[in-house]
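Following: one structure in structure tokens, then a few remarks.
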Amino acid sequence: MKRVLTAPIRDEDLTDLRIGDYIYYTGVLVTGRDEVHHRVVQLGMDCPVDLKGLALFHAGPIVQEKPGEDTIVAVGPTSSIRMEQEEAEFMRKTGVKILIGKGAMGEKTAAACRELKAIHCNFPGGCAVQAACSVKKIIDVKWRELGMPECMWVMDVQEFGPLTVTIDTEGNNLFTENQKYYDEQKEKLLPGMQEKLRGYMG
């Protein structure tokens, strides 16, 4: 059954999710990348958007800017690992509940997800135009002086996804677990492969 989470997100909306689950998100979605995290964490600036119970998308959208009517053309995910060093503190300061991006995040973020009952999700790469189709409208834009990809676009989205849960509220990390599995399989298969290679070589 299709699982749709609607903002504002509560702890209990997330605690039964596990890594590998698929979800969709409806409500206010805000973009924020390196410069947004740097301002909030390193410079101590107040986040201009109240992110409590909302989702933050690590993305630099392409926006058609017209007076009074900005439109999202494409919005694809940025590699989330770029935010790893500042993400945990950013989460504590803002109350954001869902992080969305591309690829893995590390142990600091996993620990913060466990502490704060939040999750990290992957959005499929290469689907930036499809993602824009889920945007009903742009509500606002903050810190516009950072430039189009780095400022905070506040969007109203409908069933944004599919999103794969990659860190759950227990701090489990899909990428870490997958790496353990593949390492175990490699250890099992490597001796046999080496033996076969020696046979081929004579």
Side-chain angles (χ1 to χ4, degrees), residues 5 7-11 14 25 27-123 125 128 131-132 134-157 160 163 166-167 169 171 173:
L5 300 182
I9 304 299
R10 305 162 300 169
D11 289 2
L14 304 177
Y25 175 83
V28 176
L29 176 65
V30 184
T31 64
R33 304 199 313 179
D34 309 62
E35 291 300 326
V36 167
H37 286 73
H38 180 71
R39 282 189 169 191
V40 172
V41 176
Q42 298 299 331
L43 301 183
M45 298 174 68
D46 291 332
C47 186
V49 181
D50 185 358
L51 293 174
K52 290 184 179 66
L54 300 184
L56 182 78
F57 192 18
H58 299 150
I62 298 172
V63 182
Q64 185 178 40
E65 297 180 285
K66 294 181 180 179
E69 188 185 358
D70 294 335
T71 303
I72 298 288
V73 176
V75 54
T78 294
S79 296
S80 290
I81 196 66
R82 288 167 46 177
M83 274 54 74
E84 172 65 18
Q85 292 307 308
E86 296 173 325
E87 195 71 84
E89 187 60 25
F90 184 89
M91 294 166 70
R92 294 186 187 99
K93 287 189 172 186
T94 63
V96 64
K97 297 301 287 182
I98 301 177
L99 305 169
I100 303 169
K102 179 175 64 177
M105 295 203 79
E107 179 51 39
K108 288 178 65 175
T109 301
C113 285
R114 183 168 56 247
E115 170 194 343
L116 303 169
K117 300 306 176 193
I119 62 173
H120 177 266
C121 298
N122 266 203
F123 181 86
S134 298
V135 180
K136 295 167 62 178
K137 65 178 180 179
I138 294 174
I139 301 171
D140 201 357
V141 56
K142 299 295 186 182
W143 287 341
R144 191 186 284 269
E145 69 274 11
L146 292 175
M148 184 182 295
E150 290 290 346
C151 64
M152 302 184 79
W153 295 97
V154 185
M155 306 173 292
D156 182 15
V157 301
F160 183 79
L163 307 173
T166 50
I167 300 176
T169 57
N173 188 320

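Note that the structure is predicted; figures quoted are calculated from it, not measured.
Salt-bridge formation is detected for the pair Lys136/Asp156: a Lys NZ or Arg NE/NH1/NH2 atom is positioned less than 4.0 Å from an Asp or Glu carboxylate oxygen. Using a 4.0 Å cut-off between charged side-chain N and carboxylate O, Glu69 and Lys66 make no salt bridge.
Not a single salt bridge (charged side-chain N to carboxylate O under 4.0 Å, His left out) links Glu86 to another residue, sequence neighbours left out. Annotation: salt bridge (charged side-chain N to carboxylate O under 4.0 Å, His left out) contacts of Lys93 (sequence neighbours excluded): none. Under the ring-ring contact (aromatic ring centres under 6.0 Å, His included) criterion, His38 pairs with no residue at all, not counting sequence neighbours. Applying the salt bridge (charged side-chain N to carboxylate O under 4.0 Å, His left out) criterion to Glu145, with sequence neighbours excluded, gives Arg39. By the side chain to side chain donor-acceptor pair (under 3.5 Å) test, Asp11 is found to be paired with Lys97, residues two or more places apart in sequence or in another chain being considered. Lys142 meets the salt bridge (charged side-chain N to carboxylate O under 4.0 Å, His left out) test with Asp140; sequence neighbours excluded.
Side-chain contact between Val30 and Trp153 is absent, with no heavy-atom pair separated by less than 4.5 Å. Val28 places none of its side-chain heavy atoms less than 4.5 Å from the side chain of Met155.
Taken from CG in Asn173 to CZ in Arg114, the straight-line distance is 10.5 Å, to the nearest 0.5 Å. Expressed to the nearest 0.5 Å, how far NE2 of His120 lies from OG1 of Thr166 amounts to 4.5 Å.
The two residues Ala55 and Ile100 have their closest heavy-atom pair at CB-CD1, 4.2 Å.
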